Each structure stands twice: as C-alpha cells, then as structure tokens.
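Report on one structure; see the data block that follows.
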Amino acid sequence: MRDEGIHPSDRRLQKSYAALQAKALIEQRQVVDSEDILFLAHVLWENVDQQQQVTDIIRHHAQDPVSHTLEVILEEAQDIMNGSANGHSTENVLEATQKMKSLAQEITDLKTKYPERENELNAVHKELKQYLEELTNSVLEPIES
C-alpha cells in the first residue's frame with residue numbers, strides 16, 4: 001500500500017490487529033484465518049477515495065487466485081446482467097450472451113487447472129448458466145402489457 005501512497009497510521013495498524021482478532025472471535029475461532037485478512041479492506045484506507053484501491057491491494061495479496069478470479073467473474077456477470085436489464089434488444093442480449101459464455105469458458109479453464117476446486121467452480125458455473133437462461137428468456141418470451 002505504501003508503494004501506492006497509502007500510509008495507514010501506526011495506531012490504525014494496531015487497531016486492525018484487534019479487528020482481525022474480533023472477526024475470528026465472532027466466528028468462534030481462536031486463531032485468525034488468512035481469509036480474515038480480506039476484512040482489512042474495510043479498515044486500512046485513510047479516505048473514501050482510497051477504499052477501492054486498498055480493497056484491490058488486499059485481495060491481490062491475501063486471496064488465493066481461484067477465489068479472486070471467481071469473485072471477479074461473478075462481478076462481471078452481475079455487471080452484464082445489470083447492463084442487459086436496461087435494454088432487451090436482440091443485439092444487446094446477443095452481446096451479453098457472448099460475454100457470459102466467455103466467463104463460463106474461464107470457469108471451464110479453471111476446472112482443468114484446479115480440479116480439486118471443482119465443487120466451488122461448478123457452483124459459479126451453474127450461476128452463469130442461470131444468467132444465460134435469463135438472457136435468452138428476455139428475448140424469447142413476449143413482453144406482457
């Protein structure tokens with residue numbers, strides 16, 4: 001974060017340790033888990049303008065690559081769905097469908113690379129299929145008045 005010009009105070013850093021311990025305790029654990037570090041994205045920024053940047057930095061360093069990629073894919077899929085909600089023209093839906101299929105292909109590639117994460121990847125793949133079905137139905141079903 002310092003490379004990006006973000007310098008949380010020593011006091012804030014000390015309080016962040018307590019926040020991590022509290023998060024573990026709330027989840028009935030005696031030890032802070034590596035996933036808890038993602039919580040620091042809510043603690044370490046100095047002003048609102050830095051919030052997204054701090055979140056990205058922490059995710060990059062604290063989150064495993066598969067979880068991070070899945071999170072990005074789901075965010076993109078949601079953006080695609082939100083964008084297609086604005087207009088259900090055939091052209092918009094076709095473009096959204098192509099983007100969604102591209103995201104599904106990323107999941108398939110991850111399944112090949114990380115077979116031990118198949119259950120988690122299948123859950124996201126299933127969600128993408130539901131989005132694709134919604135897109136298809138938005139064009140094929142007549143609009144009721």
Side-chain angles (χ1 to χ4, degrees), residues 1-89 91-141:
M1 289 184 347
R2 288 191 172 112
D3 290 345
E4 300 296 328
I6 301 168
H7 304 282
S9 67
D10 290 341
R11 181 175 179 220
R12 185 177 301 244
L13 287 173
Q14 288 297 322
K15 291 198 179 260
S16 70
Y17 300 139
L20 289 175
Q21 291 170 335
K23 184 172 184 326
L25 188 61
I26 288 170
E27 293 178 3
Q28 299 178 348
R29 288 183 280 114
Q30 296 294 319
V31 179
V32 172
D33 190 333
S34 60
E35 287 292 314
D36 294 334
I37 294 171
L38 296 172
F39 183 74
L40 294 177
H42 303 289
V43 177
L44 293 179
W45 49 275
E46 296 171 304
N47 60 55
V48 178
D49 297 336
Q50 296 173 339
Q51 188 174 11
Q52 186 59 48
Q53 190 177 14
V54 168
T55 299
D56 292 341
I57 291 168
I58 289 173
R59 282 182 182 168
H60 176 74
H61 291 287
Q63 202 171 32
D64 74 274
V66 175
S67 295
H68 178 70
T69 302
L70 289 178
E71 194 170 294
V72 169
I73 287 172
L74 286 172
E75 286 175 8
E76 286 182 37
Q78 194 60 51
D79 288 345
I80 292 167
M81 293 304 291
N82 292 340
S84 70
N86 296 335
H88 289 296
S89 73
E91 186 176 303
N92 288 346
V93 172
L94 284 175
E95 182 180 339
T97 301
Q98 287 303 101
K99 289 178 182 177
M100 202 66 74
K101 285 182 179 181
S102 174
L103 294 176
Q105 183 58 48
E106 284 186 53
I107 298 290
T108 302
D109 295 343
L110 285 173
K111 285 181 189 179
T112 303
K113 195 171 181 181
Y114 300 98
E116 69 279 4
R117 306 283 293 268
E118 188 172 359
N119 290 340
E120 185 179 1
L121 294 167
N122 282 339
V124 174
H125 199 258
K126 182 179 178 180
E127 192 169 341
L128 292 179
K129 283 183 178 181
Q130 289 173 338
Y131 285 151
L132 274 169
E133 188 175 312
E134 285 179 42
L135 288 169
T136 303
N137 289 341
S138 71
V139 170
L140 296 179
E141 292 180 358

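Hydrogens, waters and symmetry mates play no part in the numbers below; they use all other heavy atoms, side chains included. It should be emphasised that the depicted structure is a prediction, and the values quoted were computed from it without experimental measurement.
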From [atom1] ([X]) to [atom2] ([Y]), nearest 0.5 Å:
X: Met100; Y: Ile80; atom1: CE; atom2: CD1; value: 4.5 Å
X: Leu103; Y: Thr69; atom1: CG; atom2: OG1; value: 11.5 Å
X: Glu120; Y: Asn122; atom1: CD; atom2: CG; value: 10.5 Å
X: Met81; Y: Gln130; atom1: CE; atom2: CD; value: 10.0 Å
X: Leu110; Y: Leu70; atom1: CG; atom2: CG; value: 6.0 Å
X: Gln28; Y: Gln30; atom1: CD; atom2: CD; value: 10.0 Å

Quick one: does [X]'s side chain get under 4.5 Å of [Y]'s, heavy atoms only?
X: Ile73; Y: Leu128; answer: yes
X: Thr108; Y: Gln105; answer: yes
X: Glu133; Y: Asn137; answer: yes
X: Asp64; Y: Arg117; answer: yes
X: Leu74; Y: Val124; answer: yes

Q) For Gln98, does its backbone N or O pair with a side-chain atom of Ser102 as donor and acceptor, under 3.5 Å? A) no

Keeping the roles fixed (side chain from Asp56, backbone from Gln53), state whether a donor-acceptor pair exists under 3.5 Å.
->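 Between the backbone of Gln53 and the side chain of Asp56 there is no qualifying donor-acceptor contact (under 3.5 Å).
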
N/O donor to acceptor pairs below 3.5 angstrom from side-chain atoms of residues 12-19, sequence neighbours left out:
from	atom 1	to	atom 2	distance (Å)
Arg12	NH1	Val43	O	3.1
Arg12	NH1	Trp45	O	2.7
Ser16	OG	Leu13	O	2.5

More than 12 heavy atoms from other groups under 6.0 Å of [atom1] on [X]:
X: Glu75; atom1: CD; result: yes
X: Glu91; atom1: CD; result: no
X: Asp10; atom1: CG; result: no

[X] and [Y]: which non-hydrogen atoms are nearest, and at how many Å?
X: Leu20; Y: Asp36; result: CD2-O, 3.2 Å
X: Ile58; Y: Leu38; result: CG2-CA, 3.9 Å
X: Arg29; Y: Val31; result: NH1-O, 3.0 Å
X: Ala41; Y: Thr55; result: CB-OG1, 3.5 Å

- Message: Is there a salt bridge (Lys or Arg N to Asp or Glu O under 4.0 Å) between Lys99 and Glu95? Walk through the geometry before answering.
- Response: CA-CA 6 Å; Lys99 289 178 182 177; Glu95 182 180 339; 3.3 Å; yes

Next item on the list: Dump the intermediate steps for side-chain contact (heavy atoms from CB on, under 4.5 Å) on Val32 and Lys23, then the final yes or no.
Entry: CA-CA 8 Å; Val32 172; Lys23 184 172 184 326; over 6 Å; no

By side-chain contact (heavy atoms from CB on, under 4.5 Å), Val72 pairs with (sequence neighbours left out) His68, Glu76

Non-neighbouring partners of Glu127 that pass side chain to side chain donor-acceptor pair (under 3.5 Å), sequence neighbours left out
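Side chain to side chain donor-acceptor pair (under 3.5 Å) list for Glu127, sorted by chain: Tyr131.
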
